[in-house]
Amino acid sequence: MPTALITGAASGIGRDTARLFASAGWQCVLVDRNAQALHQLAQELPAEGAHVPRTIDLTDPKQIASLAEGTPALDALINNAGMSDASNTPLVQQSPQQAGRLLALNLAAPAAVVDACSQLLKPGARVVNVSSGAGLSAIPFRGLYSPSKAGLIAQTRALANARPDLCVTVLCPGFVRTELVAGLIEAGRIDPERAVAKTPLGRMATPDEMARALFFLASTGAAPLSGQVLPVNGGSSIYGGSQGFAPATLDVLPLDLPLQLEVLGGPVQPWQAVSATAGAGPHYPACIDLSALHRKSGLLQAVHEAAIRFASRHSQQASLTVLLPQDTPERSTRWQDAGDGAAARMLISTLACEWGSRALRINALEVPPEVEPRSLYALLRYVCGPAAQYVTGQTLVCHRNTPKDAAA
């Protein structure tokens with residue numbers, strides 16, 4: 001039975017994540033300061049008695065240090081706990097002491113938890129830090145929330161470099177209808193209509209969608225993304241327009257809907273093995289396009305042509321994932337061609353914004369030369385599939401060298 005430690009497990013994203021892991025046969029070490037909610041969760045999870053509730057205040061370094069006591073060896077560690085600032089006080093009117101608890105929980109605690117559990121992490125274990133879209137773009141009048149989440153992203157990348165034996169990633173959620181966000185809406189700190197207007201997919205996410213992302217990042221299939229950010233934000237991080245998006249009119253499809261996936265664009269072997277057929281009944285249609293993968297130039301044109309092909313076959317609620325060659329200075333010898341890759345990536349983002357109202361998604365994976373296709377199968381199935389219905393407009397960078405024993 002694999003084991004995951006989940007902080008902030010008693011509510012919101014953490015609670016849905018614990019439920020998903022437990023239903024999939026994982027043992028969960030549940031960490032939260034709310035003892036009553038924590039023990040109630042532990043009792044309702046499948047395999048009651050297998051899970052380990054730990055009542056710990058993660059702003060207290062001494063309590064964090066006690067995590068190693070009685071905690072089993074870990075396949076995954078998920079630093080999900082965090083807090084926002086609801087004071088609406090300008091930063092220059094806040095003392096460093098006022099921001100101390102937020103920084104302790106959002107920035108210091110994730111590193112301290114990893115340190116405390118370092119000897120418990122199995123070879124190839126996955127460490128996932130939950131940051132925020134606020135770590136990618138500044139949100140004013142939320143205190144040090146954005147700086148703390150930006151710091152966590154940088155910290156995650158540094159940990160990935162320092163511990164190549166692990167798979168270390170960071171999840172950046174967008175607007176998610178959690179208790180925390182509901183409180184900010186009630187307090188007038190978040191306008192849900194304006195939030196949706198900034199989001200190409202036209203809706204907020206559910207906590208379960210974040211749980212699905214964390215479940216993937218805690219799996220061995222996430223190894224090619226070590227050191228990377230996975231923004232699950234409906235495209236809000238890639239949108240730069242001034243015109244708002246209308247609320248979504250299409251319902252979210254079931255996150256576990258069978259996937260019908262086809263591979264197109266050039267020689268598909270050995271990529272064909274990633275394809276899946278849903279059979280009869282409802283399914284989530286998706287396409288992987290390889291036409292740009294082995295091109296040294298003309299990536300922008302190749303992505304545009306792939307999008308035209310895809311749009312001619314799918315009118316709504318489907319996904320296109322384009323494989324791109326790794327963007328390196330050596331890939332092109334002419335400086336005049338240096339903008340081709342950047343233009344192709346921006347086209348991915350632009351199409352995501354134009355397609356959002358129809359729940360059509362487009363993402364790209366940058367693939368290093370001579371990558372073993374099989375190492376990307378799980379990643380492709382997640383990004384293409386129904387569990388990632390809130391992921392669009394992203395270009396994810398993959399690594400050829402995966403963490404030690406990650407594929408074991």
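Quick caveat: nothing in here was measured; it's all calculated off a predicted structure.
- Across every non-hydrogen atom of N363 and Q394, the tightest pair is OD1-N, 3.0 Å.
- T59 places no side-chain N or O within 3.5 Å of a backbone atom of L105 that could act as its donor or acceptor partner.
- Remark: side-chain polar atoms of S226 are not paired, donor with acceptor, to backbone N or O of A223 under 3.5 angstrom.
- Although no hydrogens or angles enter the test, the distance criterion places a donor-acceptor pair under 3.5 Å between the side chain of T199 and the main chain of A195.
- Heavy atoms only, all atoms of each residue included: N129 and T156 are closest at ND2-OG1, 2.9 Å.
- For Q243, the CD atom sits in a loose shell: 12 or fewer heavy atoms of surrounding residues, nucleotides or ligands are nearer than 6.0 Å.
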Y382/S219 under side chain to side chain contact (heavy atoms under 4.5 Å, CB included): CA gap, chis, key distance, verdict: CA-CA 11 Å; Y382 168 72; S219 73; over 6 Å; no

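- With hydrogens and angles ignored, the 3.5 Å screen pairs no side-chain donor or acceptor of Q94 with any backbone N or O of L91.
- Across all non-hydrogen atoms, the minimal contact from E366 to P368 is O-CD, 3.9 Å.
- Open room surrounds CE on M346; 12 or fewer heavy atoms of other groups in view lie less than 6.0 Å from it.
- In this structure, S148 OG and I153 CD1 are separated by 10.0 Å, a value rounded to the nearest 0.5 Å.
- Pairing each heavy atom of P192 with each of I185, the nearest pair is CD-CG2, 4.0 Å.
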Show your reasoning for whether side chain to side chain contact (heavy atoms under 4.5 Å, CB included) applies to K149 and C172. CA-CA 9 Å; K149 292 300 188 178; C172 282; over 6 Å; no

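- For S275 and Q272, the side-chain atoms include at least one donor-acceptor pair closer than 3.5 Å.
- At least one side-chain heavy atom of F21 sits less than 4.5 Å from a side-chain heavy atom of I78.
- The CG atom of L58 sits 8.0 Å away from atom CD of Q63, with the distance rounded to the nearest 0.5 Å.
- The backbone N or O of A318 lies less than 3.5 Å from no partner atom in the side chain of R358, so there is not a single donor-acceptor pair.
- What you find for A9 and L41 is that their closest heavy atoms are O-CD2, 3.0 Å.
- Distance check, rounded to the nearest 0.5 Å: CG of L152 to CG of L159 gives 10.0 Å.
- T55 contributes no side-chain N or O that, together with a main-chain N or O of R33, makes up a donor-acceptor pair within less than 3.5 Å.
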What verdict does the side chain to side chain contact (heavy atoms under 4.5 Å, CB included) test give for F216 and L379, after you've listed the backbone C-alpha separation in whole Å, the side-chain angles of each residue and the deciding distance to 0.1 Å? CA-CA 8 Å; F216 168 71; L379 173 58; 3.6 Å; yes

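- We find that D165 and R163 are joined by a salt bridge, their nearest charged nitrogen and carboxylate oxygen being less than 4.0 Å apart.
- Counting only heavy atoms from C-beta outward, the side chains of D256 and R212 approach each other to under 4.5 Å.
- How far NE2 of H314 is from CZ of R309: 12.0 Å, rounded to the nearest 0.5 Å.
- Here the closest non-hydrogen pair linking F215 and L20 is CB-CD2, 3.6 Å.
- Within 6.0 Å of CD in E193 there are 12 or fewer heavy atoms belonging to other residues, nucleotides or ligands.
- Once rounded to the nearest 0.5 Å, the distance linking CG of L380 with SG of C398 reads 7.5 Å.
- With contacts defined as side-chain heavy-atom distances shorter than 4.5 Å, the pair L324/V303 qualifies.
- Between the side chain of Y239 and the backbone N or O of A352 there is no donor-acceptor pair closer than 3.5 Å.
- Inter-residue side-chain proximity for V130 and P173 is flagged as met; some heavy-atom pair is nearer than 4.5 Å.
- Residues V263 and L290 meet the side-chain proximity criterion, which asks for heavy atoms closer than 4.5 Å.
- With contacts defined as side-chain heavy-atom distances shorter than 4.5 Å, the pair L214/I6 does not qualify.
- Contact of the P200 side chain with the W355 side chain is not registered, since no non-hydrogen atoms from C-beta on lie closer than 4.5 Å.
- No side-chain N or O of D208 forms a donor-acceptor pair with one of T206 less than 3.5 Å apart.
- In this structure, CG on D289 lies 10.5 Å from CZ on F310, to the nearest 0.5 angstrom.
- A heavy-atom distance below 4.5 Å is not found between the side chains of P224 and L396.
- For D32 (side chain) and L38 (main-chain N/O), no donor-acceptor pair under 3.5 Å exists by modelled atom type.
- Looking only at distances, a side-chain donor or acceptor of S349 sits under 3.5 Å from a matching main-chain atom of G393.
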Could you walk me through whether W271 and L376 satisfy the side chain to side chain contact (heavy atoms under 4.5 Å, CB included) test, starting with their C-alpha distance in whole Å, then the side-chain angles of each, then the deciding distance to 0.1 Å, before giving a yes or no? CA-CA 9 Å; W271 298 94; L376 300 181; 3.8 Å; yes

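- Without hydrogens or angle criteria, N80 side chain to T7 main chain gives a donor-acceptor distance under 3.5 Å.
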